[in-house]
Amino acid sequence: MAITEPVYVAGAFEHPTREAPDKSTMQLHAEVAKGALDDADLKKNDVDGYFTAGIPEYESGLSPLIMADYLGLDPSYADTTDFGGSSYVSHVGHAASAIRDGRCDVALVTLAGRPRSRGQATGSGARDIRTVQDSFERVYGATNVGMYGMAAQRHMHEHGTTGEQLAEIRVAASHHAQYNEHAMYREPVSVEDVVESRVVADPLHLLDCCVISDGGGALIIVSKDIRSELDRECVEVLGFGEAIGHHDAGRIDLTRTAAEQSGSRAFEEAGLGPERVDYASIYDSFTITVLEAIEDLGFCKKGDGGSFVEGETLRAPDGELPFNTDGGGLCSNHPANRGGMTKVIEAVRQLRNEANPEVQVDADVALAHGTGGSIGTRHGAATVVLGREDR
Amino acid sequence: MSWEPRPVPEPNPETERYWAAAASGELLVRECLGCGLVYHYPRALCPDCFSEDVEWREASGRGEVYSYSTARTMSGWPEEDLPLVLAYVELDDGPRMMTTIDAKPEDVEIGTRVDVRFVDTDASDVAIPVFIPVDD
Ligand SMILES: [Zn+2]
């Protein structure tokens, strides 16, 4: 896995909206594309690679076609990988590979979605039976929150993790969200607030769950040659890894995620380990998602996540592992239920010193990690390690 | 009592035997004669070694709760089927299967011993395996 050429994130843009009843999802894609191009100081015609998980509600399966048509793109390379929430972390790695292969020089990555305006209920999901697996899962009422609830229950059983420890994750995210003027929930919450909120799927409470928001984001990833023509501060892609965890024919382990593999692959490629990470964006569909990822990425030993997150560990700017300084999916934004994009964007902001000042970390190396699908059945894991150019 | 209006499985050529067996009171798992893996859900080729030499085997129907989560409200779910105790049961035959535990939530813990029961659907050749706590 030798990296031959450096690749850079040159532009990043998060849509400020959290509710967009009067816009089409495609319009949001176009708005974030424009925002990221402006941020990179590049033009639309410079784009020759395009990456998106598409528009989930369309289910057309022809995302690269409908999106290139709508956006007026003429890419020599397109990738519409959809792993769920981790997709947009994967797109960073896929774009880096495509650039290093000479398939493109300026990769545009766009995400947008409007689950809030479309009325998606918390933790619900279609009850339609489509895949082979649906007949063995959805018939039983398997919702996302129910499956993550089972993961939390098992983690508590094996490792003594408590609801109060899971709550610490929400508390830290809410502490950061108060400084983000665009965050959906800006009010700091306490451990008591979390464990006294309504139980959605035992042992997970309402405040253990991410927001449902409209919105979007985009990234511009460029080759070394393009980077040399730009004045703007860029962020280097140091390492990337992805992996898929699944039911494994009946051997599923609800306490472990494929972050073990995606993380070690990304660290190996970057030539550094978790101790070098100054800031981490960690996918937070639920608090348990964060806890298991922290362990699996090697920030602490398996089973020690509960005690690790206690106190101020996750708080910016001075905690041992400042995380999700935008408020994350728990408090700020979870557009299209594919929050990997906002994870990458906040890591880029941290490395460019563009985070909200109260939570700006002195960071040379940042990590963004996505967990997509469900750790209760099958999930994608994607990890990217990013660094300042002058690190 | 019928399973509906909860969602019902869509049998396919790989799985119709599983659902039909359930309708006659048997829980089936797949066993690979190539590598010995006993697995769930049914697939024609072994997911470990891709052998096509796989057989149906009747499971004992016994197992224990590997994990569970209780939902007391759930949009779109029939009120009479709440609270819903979603679970993974680790069968004594090996694999962990997703299911529901037909019991009061307070009677379910990780490690609770369970036995299979079958709930009929409107289709005569499809029944749904669920589990109930047992003493043993
Ligand atoms: Zn086999």
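Letters A, B, ... mirror the listed sequences (proteins, then strands); counts begin at 1.
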Looking at Val130(B) and Tyr140(A), what are the two nearest heavy atoms and their distance? CG1-CE2, 4.3 Å
Quick one: which of Leu91(B), Val8(B), Val29(B) has the most heavy-atom pairs under 4.5 Å with chain A, could you say? Val8(B)
Side chain Ser135(A), main chain Glu10(B), donor-acceptor under 3.5 Å: yes
Donor-acceptor under 3.5 Å (Tyr41(B) side chain, Glu137(A) main chain): no
Here's a test for you: under side-chain contact (heavy atoms from CB on, under 4.5 Å), which of Asp128(A), Ile129(A), Asp134(A) qualifies with Pro7(B)? Ile129(A)
For Arg251(A) and Leu37(B), run side chain to side chain contact (heavy atoms under 4.5 Å, CB included): C-alpha distance rounded to whole Å, both residues' side-chain angles, the deciding distance at 0.1 Å, then the answer. CA-CA 11 Å; Arg251(A) 292 164 296 201; Leu37(B) 179 70; 3.5 Å; yes
Answer yes or no: is there a side-chain heavy-atom contact under 4.5 Å between Pro42(B) and Phe136(A)? yes
Under the salt bridge (Lys or Arg N to Asp or Glu O under 4.0 Å) test, residues paired with Asp53(B) that sit two or more places apart: none
Tell me if the CD atom of Glu80(B) is crowded by more than 12 foreign heavy atoms within 6.0 Å. yes
Report which part of Arg43(B) has an atom under 4.5 Å of a heavy atom belonging to chain A: side chain, backbone, both, or neither. side chain
Need one label for Pro129(B): side chain, backbone, both or neither, based on atoms under 4.5 Å from any heavy atom in chain A. both
Chi angles and distances behind the side chain to side chain contact (heavy atoms under 4.5 Å, CB included) call for Gln153(A), Ile110(B): CA-CA 8 Å; Gln153(A) 195 81 264; Ile110(B) 288 176; 4.0 Å; yes
Is there side-chain contact between His247(A) and Met98(B), with heavy atoms separated by less than 4.5 Å? no
Do you know which two heavy atoms are closest between Leu254(A) and Tyr88(B), and how far apart they sit? CD1-CD1, 3.9 Å
Greatest number of non-hydrogen atom pairs under 4.5 angstrom with chain A, of Asp48(B), Thr99(B), Leu84(B), falls to Thr99(B)
When heavy-atom pairs shorter than 4.5 Å are enumerated against chain A, which of Ser69(B), Gly94(B), Pro83(B), Ala71(B) gives the highest number? Ser69(B)
Under a 4.5 Å heavy-atom cut-off, does chain A meet the side chain of Leu86(B), its backbone, both or neither? both
Heavy-atom distance under 4.5 Å to chain A: side chain of Tyr18(B), backbone, both or neither? side chain
